[in-house]
Amino acid sequence: MSIRLYNALTKQKETFRPLIEGKVRIYVCGITAYDVCHIGHARSAVVFDVITRYLRYQCYDVTYVKNFTDVDDKIIVKANAERGTIFEISERYIREHDEDMDILRIARPTYAPKATEHIDGMIHLIKVLFNRGLAYEIEGDVYYAVEKFPGYGKLSGRTLEDMMAGARVDVSEKKKNPLDFALWKASKEGEPWWESPWGRGRPGWHIECSVMSQHFLGETFDIHGGGEDLIFPHHENEIAQSEGATGKPLANYWVYNGFVTVNGEKMSKSLGNFVTVKDILKNYHPEVLRLFMLQSHYKSPVDFSDESLADARMGMERFYTTLNSINEALSCCEDFSGITRETLSAVDSDVCGKLASLSDRFKEAMDDDFNTPRAIGYIFDAVRVVNGYMADKKSRISPETCFVLYHAGKAILETGRVLGVFFDSPADYFRQDRHREAGKRGLDVKEIERMIEERRATRLAKDWKKADEIRHALAEKKIILKDGPAGTTWKIE
RNA sequence: GGCGGCAUAGCCAAGUGGUUAAGGCAGCGGUCUGCAAAACCGUUAUUCAUCGGUUCGAAUCCGAUUGCCGCCUCCA
């Protein structure tokens, strides 16, 4: 069993073979720290989180690096506008980024370096490029001479001629070739600067990733990733810099997540449809956002809307409802330590077998280019099997049943957690959901619970008419009551 | 203009050469329930944008057409 993944460099699915047996080194381009994270950042983070979780689940020792760009035009503009330093701006947004990612249950990268921590390395790399005749300096700016690097365009699948034909190339007087890009920029008045052999300046955008990836992962590493918009020019330029300097491949597999659109439109500040992670987390559980994203393949574009999130919430409710039922059944469970697969009845054994196959099917799906939609389909299958089993066994909880349910719950939790979901207890999940939904609709939780308490008394008195009146009054507000043996619980539709 | 991607049920979405086209949401019928909810069972695409072609056989490969989208400028 081996993982196959789509390599954007070769444009085909390939068998994944890490450079060092058992170890995987991944570099993903992170954010430029000048604003809060939006759902596009969230998708990229979720995709690579799931990839690293799955690789670790498959017992790989993963080193995952995700950088922060903390010096850049937009940060400088914002710092000047606020009469602060670029560090005040970048530190603020890095902190916000980390908070958002933690809530989204994104495992922290092994290393999260900042560009400004590696200025010396950048200067060193630029010197190497000079020595190799790939860089030139004009008035304190240093440019990369793209026509000197034969492989330029190999990742994005275009040639220099193609690119020259495009009318949108910015023609700068200084550059020898309009496609040359800045490695180092002379700092203007009011801009941050570092000393360099070419005078006071600051780094170009692409050089940081070449330096930091090499610093943490070596000259060649396994997987380089990011959003698909980074293919050109960012990663094309990284390849030119790194491979131009070392003569070795930068990374063996190039993996890109598709974009998020909002109601069918590209997210942009001018359209005013910029959805931040914080906006979503006000209205939905973080795992709902993850489920929504993972129900599409990572390479596909995904369209975000309130309806699609609401659908994902219903799906998540199905999972947690089953997890809850398993917990309830096991809470009154008998000792099943003496039970083994071999001692089970045919029916019990059959269910146990079906649940045991979840893990294999899950791996089969994930091995195929991290096919999370299929993997999730298999978890839903398992949920149906275990629900059917519980419906059959309703009132007869035996040690054998407990054994089966215990293993069923374990299998579902284990697979789900590779996807970064099912980390809450069901009780917690539903409590949060009630409060969140009540908040969205301006409903008073205390008042709802008071009415349920009132209804409890009428039910004890078997006054069904009055009980139903209360049920219907709450139903008008989309509040659904569930009468169970342990009392009445509620949720919002 | 150049490069690339996508089109599968009411909606979302797997499947990319061969038994009944996963799964979720929504809907409908039934079981269960004091009534509900949840759950379960059944049901909802003779067909995969359109038209041709290759093949014993195609949603899956090839060509054309239509429609949508991304990149080529900062962008996850």
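Everything numeric here is computed off the predicted structure, so don't read it as measured data. The sequence lines fix the lettering, A, B, ..., with proteins before strands; numbering per chain opens at 1.
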Touch class at under 4.0 angstrom, heavy-atom based, for A:G40 against every strand present: base

Sugar-phosphate only, base, or nothing, as touched by A:V47 at under 4.0 Å among non-hydrogen atoms: nothing

Plane angle bin for A:H38 and A:F274 - parallel if under 30°, tilted between 30 and 60°, otherwise perpendicular: perpendicular

Any strand: nucleotide that pairs with B:G67 via Watson-Crick or wobble, under 3.5 Å: B:C6

Crowding at CZ, A:R92 (>12 non-hydrogen neighbours, <6.0 Å): yes

Protein-nucleotide distance (A:L289, atom CG; B:A76, atom P), rounded to Å: 17 Å

Side chain A:R158 and base B:C72 donor-acceptor under 3.5 Å: no

Residue that, paired with A:L474, satisfies side chain to side chain contact (heavy atoms under 4.5 Å, CB included) out of A:I480, A:I479, A:L443: A:I479

Derivation and outcome, salt bridge (Lys or Arg N to Asp or Glu O under 4.0 Å), residues A:R384 and A:D381: CA-CA 5 Å; A:R384 191 169 8 59; A:D381 286 341; 3.2 Å; yes

B:C6 versus B:G63 - spacing of their P atoms, nearest Å: 14 Å

Base of B:G70 paired with side chain of A:D229 (donor-acceptor, under 3.5 Å): no

Sugar-phosphate only, base, or nothing, as touched by A:K491 at under 4.0 Å among non-hydrogen atoms: sugar-phosphate

Base partner of B:A45, which must satisfy Watson-Crick or wobble distances under 3.5 Å: none

Rounded distance (Å) that lies between atom C1' of B:G4 and atom CG of A:L9: 15 Å

Parallel, tilted or perpendicular: rings of A:F221 and A:H224 (30°, 60°): tilted

Whole angstrom value for the distance that separates P of B:G34 from CG of A:D463: 16 Å

First encountered from the 5' end of RNA chain B, between A:R455 and A:H41: A:R455

Detail all sub-3.5 Å separations between protein N/O atoms and N/O atoms belonging to nucleotides 21-32 of chain B.
{"residue": "B:C25", "atom": "O2'", "partner": "A:D311", "partner atom": "OD1", "Å": "2.6"}

Distance between C1' atoms of B:G29 and B:C71 (Å, rounded): 50 Å

Test: A:D433 and A:R313 ion pair at under 4.0 Å: yes

Inter-nucleotide P distance (B:U44, B:A7), Å rounded: 25 Å

Nearest-neighbour nucleotide for the A:L230 side chain, B:C3, B:A39, B:A76 considered: B:A76

Sugar-phosphate only, base, or nothing, as touched by A:E228 at under 4.0 Å among non-hydrogen atoms: sugar-phosphate

A:D483 (side chain) and B:C35 (base): donor-acceptor pair under 3.5 Å: yes

Atom-to-atom span, CD1 of A:I231 to C1' of B:U73 - whole angstrom: 16 Å

Nucleotide of B:A14, B:A76, B:C3 approaching A:S44 most closely (side-chain heavy atoms): B:A76

Base partner of B:U20, which must satisfy Watson-Crick or wobble distances under 3.5 Å: none

Touch class at under 4.0 angstrom, heavy-atom based, for A:G30 against every strand present: sugar-phosphate

Short side-chain N/O contact to B:C40 OP1/OP2 from A:N387, under 4.0 Å: yes

A:K74 side chain, from C-beta outward: closest of B:A14, B:A39, B:C74: B:C74

Enclosure of A:E476 CD (heavy-atom neighbours >12, cutoff 6.0 Å): no

Sidechain N-carboxylate O distance under 4.0 Å for A:D483, A:R455: yes

Parallel, tilted or perpendicular, as decided by the 30° and 60° cut-offs, for the rings of A:Y152 and A:F232: perpendicular

A:Y320 and A:H285 aromatic ring geometry - parallel, tilted or perpendicular at 30°/60° bounds: tilted

Watson-Crick or G-U counterpart of B:A38, or none if no pair lies under 3.5 Å: none

Touch class at under 4.0 angstrom, heavy-atom based, for A:T321 against every strand present: sugar-phosphate

Touch class at under 4.0 angstrom, heavy-atom based, for A:H297 against every strand present: sugar-phosphate

Value in whole Å for how far the C1' atom of B:A14 lies from CE of A:M293: 19 Å

A:I106 CD1 to B:A76 P, straight-line distance once rounded to whole Å: 15 Å

N or O in side chain of A:K465 less than 4.0 angstrom from B:G34 OP1/OP2: no

Touch class at under 4.0 angstrom, heavy-atom based, for A:S300 against every strand present: sugar-phosphate

Strand partner of B:G52, provided both Watson-Crick or wobble distances fall under 3.5 Å: B:C62

Nearest-nucleotide comparison on RNA chain B, the residue closer to the 5′ end among A:I480 and A:V260: A:I480

